[in-house]
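The block underneath contains the structure these notes are about, expressed in structure tokens.
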Number of protein chains: 4
Amino acid sequence: MLIIMHSTATQTQISAIIEKADHLGLRAHLSRGFERTVVGVIGDTRPVIRSQFQGMDGVREVVPITKPYKLASREFQPDDTIVPVNHLRFGGDEIAIIAGPCSVEDRTQIIETAHAVKEAGAHALRGGAFKPRTSPYSFQGLGVAGLELLAEAREETGLPIVTEIMSIDMVEIATQYTDVIQIGARNMQNYNLLHAVGESHHPILLKRGLSSTIDELLMSAEYILSHGNRRVMLCERGIRTYETATRNTTDINAIPVLKHRTHLPVILDPSHSTGHWEYVNAIARAGIAAGADGLIIEVHLDPANAASDGDQSLKPEKFAKLVREAKAIAEAVGRSLAPVGELALA
Amino acid sequence: MLIIMHSTATQTQISAIIEKADHLGLRAHLSRGFERTVVGVIGDTRPVIRSQFQGMDGVREVVPITKPYKLASREFQPDDTIVPVNHLRFGGDEIAIIAGPCSVEDRTQIIETAHAVKEAGAHALRGGAFKPRTSPYSFQGLGVAGLELLAEAREETGLPIVTEIMSIDMVEIATQYTDVIQIGARNMQNYNLLHAVGESHHPILLKRGLSSTIDELLMSAEYILSHGNRRVMLCERGIRTYETATRNTTDINAIPVLKHRTHLPVILDPSHSTGHWEYVNAIARAGIAAGADGLIIEVHLDPANAASDGDQSLKPEKFAKLVREAKAIAEAVGRSLAPVGELALA
Amino acid sequence: MLIIMHSTATQTQISAIIEKADHLGLRAHLSRGFERTVVGVIGDTRPVIRSQFQGMDGVREVVPITKPYKLASREFQPDDTIVPVNHLRFGGDEIAIIAGPCSVEDRTQIIETAHAVKEAGAHALRGGAFKPRTSPYSFQGLGVAGLELLAEAREETGLPIVTEIMSIDMVEIATQYTDVIQIGARNMQNYNLLHAVGESHHPILLKRGLSSTIDELLMSAEYILSHGNRRVMLCERGIRTYETATRNTTDINAIPVLKHRTHLPVILDPSHSTGHWEYVNAIARAGIAAGADGLIIEVHLDPANAASDGDQSLKPEKFAKLVREAKAIAEAVGRSLAPVGELALA
Amino acid sequence: MLIIMHSTATQTQISAIIEKADHLGLRAHLSRGFERTVVGVIGDTRPVIRSQFQGMDGVREVVPITKPYKLASREFQPDDTIVPVNHLRFGGDEIAIIAGPCSVEDRTQIIETAHAVKEAGAHALRGGAFKPRTSPYSFQGLGVAGLELLAEAREETGLPIVTEIMSIDMVEIATQYTDVIQIGARNMQNYNLLHAVGESHHPILLKRGLSSTIDELLMSAEYILSHGNRRVMLCERGIRTYETATRNTTDINAIPVLKHRTHLPVILDPSHSTGHWEYVNAIARAGIAAGADGLIIEVHLDPANAASDGDQSLKPEKFAKLVREAKAIAEAVGRSLAPVGELALA
């Protein structure tokens, strides 16, 4: 249920609500927006329980939440969540672009790519150290050595790092080396992992599963939120359909639907959602036009020889064109790209 | 096969190629572009036949077409096809917007809606007279009376008319009353109908089937083209997937894929591809950003009481906002909306 | 609505109901089962209208139908529909097998195949004279000449003929030459065609569309039924999914779902639903085990050189094995294959 | 590559091959069939490496494996794998049925259900102790206490236990308490977990992901096999499609496709693949008819009050009917149900 406080409610009144919830064995989550303060209460919220909060001081009304997701819903928090990542802010008026190779391959590759994407206008660096691969015989990533190279690239360029982890035992080391932990599509319903990153309080980029519904994505976000981590970003990366002309089908509808249902930032990954570099720019533009808060793009210095995902990787010069086009679309919808200058100082 | 002519080839030389093809029992289709003239030849195109054209005067080279679609391919015609509809031109730098109700319901409704969408900036009027309905007990449209009302709306507003037909016996009457014949999603593979409209030389708006691949859409266009009608426009209207948050899944990838594979204009229908009016504007913007040449939008004066598709219909004021947003995105990608003034004189 | 009559209701009482319905501008359809007689009434069935039938002589109760399909529903007719085709009966305890080539190619081919499938145990002969082909340049069938060859094959073997038509103008000729008219997957929602065959009173085999839901299939059956033709058989032929190991995905669930929702016979087409001959027998067995009332199987004397669908066609000896296996499964579920002897005399 | 040995090859010759592979940094897997002995070698298998094995004593031929999966392929091992689970054998001529509740709810429930399914003819007991749930607020299972109750049920009935685990840290405890470890659909591509159970040498039931292809399922099996565990069973449990009449679409085609491509046993889960108890029996029959080696069925004493999956759970008497029907179909395809008597002594 949502306990909506009067605009004049005092801190003491709010604290009393939270204590009451604790006392009843419920979990309370506080949301302070520009226009209202709401206490979300999860647990046994039958009418008989709700009525116990109804008459408390400072309470304007008590309403049940009708969605299966609670903390992720716009009902709970009408204002957009802003996820700060160093000097960067995901989810506000400014649009941020994450770019980099699918896999960290070696020191030269990741450092040079980091410089190249920064120069082209990227705001953060992506790169995989642990790679989920369909075949047990394929390159599985450099592991911790890859994380160290990513940290070195950050040191040199000031770009925050986004990288994927695949199991609970990687959470701690990832929080040391990276700025955003990515949960990949294959792990969107790995609930133990969601629980673990929910306790980490580190920014999370949660990718939609290959055939997950929008509501299942929101339920997976709810796992993270309900374990205390509010820094969750959602990522549309294409869904599996019968169409084979592209690797996946970009569910562009998901962008306005998500912006309608949740306050969390929404990022689009047109590299995976198309699977072909020649369509990436068009879909990146479409994503910004539809309301996305950011992009994540695969860039490789030499796509033909990439260890993975070469077909869908842009060369730096094509990526620079994408940034210029994204800027034009952002302005056409009354937004702007995040500034890049101060990041270098981070 | 494609017979690519020298830039200096004469009309006589080109005619000789076409006569030769006729003589061999093949069908020849001429494509004159800015940079080259090509004769597409359909039929038995084994090497032994190809070699007979090789040495003819004016011929630069003879190449096989590798795609199952020939006349629809960019190989056959590198330049974009422009489909003229009265003063309007679909497929060039200018973007055109078709708008109107799902069904023609009565005289007042269609005339008032025509005025409303024209004032909001629409370039053409849509409206269904023959409605394909899942249930035999649902409203099936006004039939020929609906066509007459559409013609009257054109008379009053100067807007060209787009309307759907569902069987061969409607082709003749439709060519009298409408400016563009729409082939609906359910009939995309009704080959007899495609054959019939292919012989009509009337502009055709061919909608993608509910679960058709992009290549199947192009093959259906090929049916129309191969029967002599070059005035074909393609329409992405969403595909059927497992996701239920929206009525269909807009296959936004299809836009750059189609623009890559074919020279035909590509129109997006965000009303059907989302199924909910609150997502239509975002997806209309995305379509223009991705490269669409036009939009087709359901507009109703009173969506709550529409005879069909009320959920996905915009009120005129929301549609006016869509036109303004489409204009901003068009300019951000270096294009513009088609002018509206001269249409009123048409 | 359904007007359920007392078991003692007289013919006069039933006729009075039908006259009353006519008088009110409604359509009445009579269903006489073993246990009850029901008059289904389609049209304006608001409570005020229902109450006018409530007190009439012989009426036990008047109930609304909750499904969008009425005449196709088990509510309207609890007993299985039996569709007689010459001496053959589709839909009872006996299971019938239709077999033959995808396309009629020439006289020798169809006559020899007819003898071969008859000898192997088939109950009816399939063969396409009008072929819906994705490409306008592919073999489109022999047309009326193909129908004549099919009629000749029937003459020689006594096997009833099943063949597809694709447009209204073929209905009349098809009723002369064939015993069952097939409506193909691409035309499942060609409502004008459904209307036309609904008026023909000829047995119809209605194939499910490539991405149609089960309820959409039932609504298309309702089109035929509502125009007066009760001889409708449904055919599951696989649906389009993301899986590419097979041509389509056999929706085996559709068989018990359809048997639960409708009284119409259900036929399985494992040739199209798998697309590979090596899987046809396994899926044919599964279909009978799941409750199908019949099978339709592609058989070709020389699959490697078939004009169409060679990959999914069985040679006659493999088809003979299929018939033996189908027989064993039929008996395991308490049914049997239809007798073949008397057909030869038909 | 596959190194196929002469039928007269000695153990010493085989050992020499394996040592050679080790020496080259490759992994060797031995497969002894009725007709041939094969050494599968994984790693760098370029022609230059293959030629080094070509001339060794006892080698008949060296062939590359063309499939992305190696150890899982029929090429590597033509004979069916038999997975022994106590006295039970999965994968031979006999068909085994696993049954029980979705979740272990309490002591009485699981013990009574174990007795009920045993009496009805089940060969093994299923029950979830750790439940992957879409909502963080839903019942998540009894955890280790649930495993203890399952072990107690085995003690009482002799039925082997099948239960799901979701993370690496559960592998060790699961090997103590259960006879078969289930990897659920959501974890089919949780590669760390596959790696861990691959090292366990415990029988594994690997469920197909909700939208995984058949080849992706085989690649996930390959992860387990390549880490040394040969006791892998595959489970078709329905895939996600656009059809909403059932919870999932049973991919019945997957059964013959899998039996064609792999030697591993294939189990069908008609409870999840339909989602409605009234369709479970029909699809269970279809699965056996299509060639499945076993079934896994949800049974609950009181489905209306089940903690999870009540809609798709059979009551014991309906399950007893399923066993009788499965037996009849098994016999119709020349197989039989596994004997139940001796299991009680296990």
Side-chain angles (χ1 to χ4, degrees), chain A residues 26-27 41-45 65 67-72 130-138 140-141 165-170 183-196 198 209-213 215-228 239-242 248, chain D residues 26-27 41-45 65 67-72 130-138 140-141 165-170 183-196 198 209-213 215-228 239-242 248:
Chain A
L26 308 172
R27 270 184 287 174
V41 175
I42 308 293
D44 177 350
T45 57
I65 305 182
K67 296 286 186 355
Y69 43 92
K70 313 294 181 194
L71 306 176
F130 304 97
K131 299 302 304 173
R133 300 302 296 273
T134 308
S135 168
Y137 312 124
S138 297
Q140 313 267 325
I165 63 168
M166 300 188 298
S167 66
I168 295 175
D169 54 2
M170 301 176 199
I183 302 296
R186 291 180 182 80
N187 281 308
M188 192 200 85
Q189 295 192 317
N190 182 336
Y191 298 122
N192 297 71
L193 183 57
L194 298 179
H195 183 143
L210 205 57
S211 68
S212 298
T213 62
D215 277 359
E216 288 169 348
L217 172 59
L218 289 170
M219 292 308 297
S220 288
E222 189 81 8
Y223 261 90
I224 303 174
L225 296 166
S226 71
H227 286 101
I239 60 173
R240 183 165 268 182
T241 70
Y242 68 85
N248 293 296
Chain D
L26 308 172
R27 271 184 285 175
V41 175
I42 307 292
D44 177 352
T45 57
I65 305 181
K67 294 288 188 352
Y69 43 90
K70 313 294 179 194
L71 307 176
F130 305 96
K131 298 303 301 174
R133 301 301 295 274
T134 308
S135 169
Y137 313 123
S138 297
Q140 312 267 326
I165 64 168
M166 298 188 298
S167 66
I168 297 176
D169 55 1
M170 303 176 197
I183 303 295
R186 291 179 183 80
N187 282 307
M188 192 201 87
Q189 295 192 317
N190 182 335
Y191 298 123
N192 297 70
L193 183 57
L194 298 178
H195 184 142
L210 203 56
S211 68
S212 299
T213 63
D215 277 2
E216 287 170 347
L217 173 60
L218 289 170
M219 291 308 298
S220 287
E222 188 80 10
Y223 261 90
I224 304 174
L225 296 165
S226 71
H227 286 102
I239 61 173
R240 183 166 268 183
T241 71
Y242 67 86
N248 293 294

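Order of the sequence lines fixes the chain letters, A, B, ..., with proteins taken first and strands second; residue numbering starts at 1 for each chain.
- Across all non-hydrogen atoms, the minimal contact from D/T134 to A/M219 is O-CB, 3.3 Å.
- In this structure, the separation between CG on A/D215 and OG on D/S135 is 12.0 Å, given to the nearest 0.5 Å.
- Residues D/E222 and A/P136 share a closest heavy-atom pair of CG-CG, 3.8 Å.
- Residue with the most contacts toward chain D among A/T241, A/N187, A/L193, A/I42: A/I42 (heavy-atom pairs, distance under 4.5 Å).
- For the pair A/N192 and D/M166, the tightest heavy-atom approach, listed with the atom from each and the gap, is OD1-CB, 3.7 Å.
- Within the 4.5 angstrom heavy-atom criterion, only side-chain atoms of A/Y137, from C-beta onward, approach chain D.
- Put simply, CG on D/L210 and CD on A/Q189 are 7.5 Å apart, with the number rounded to the nearest 0.5 Å.
- The contact between D/Y191 and chain A is made entirely by side chain atoms (from C-beta outward), counting heavy-atom distances below 4.5 Å.
- Interface remark: D/R186 contributes backbone and side-chain atoms alike to the contact with chain A (heavy atom separation under 4.5 Å).
- Note: A/R133 leads A/M188, A/H195, A/R133 in heavy-atom pairs under 4.5 Å with chain D.
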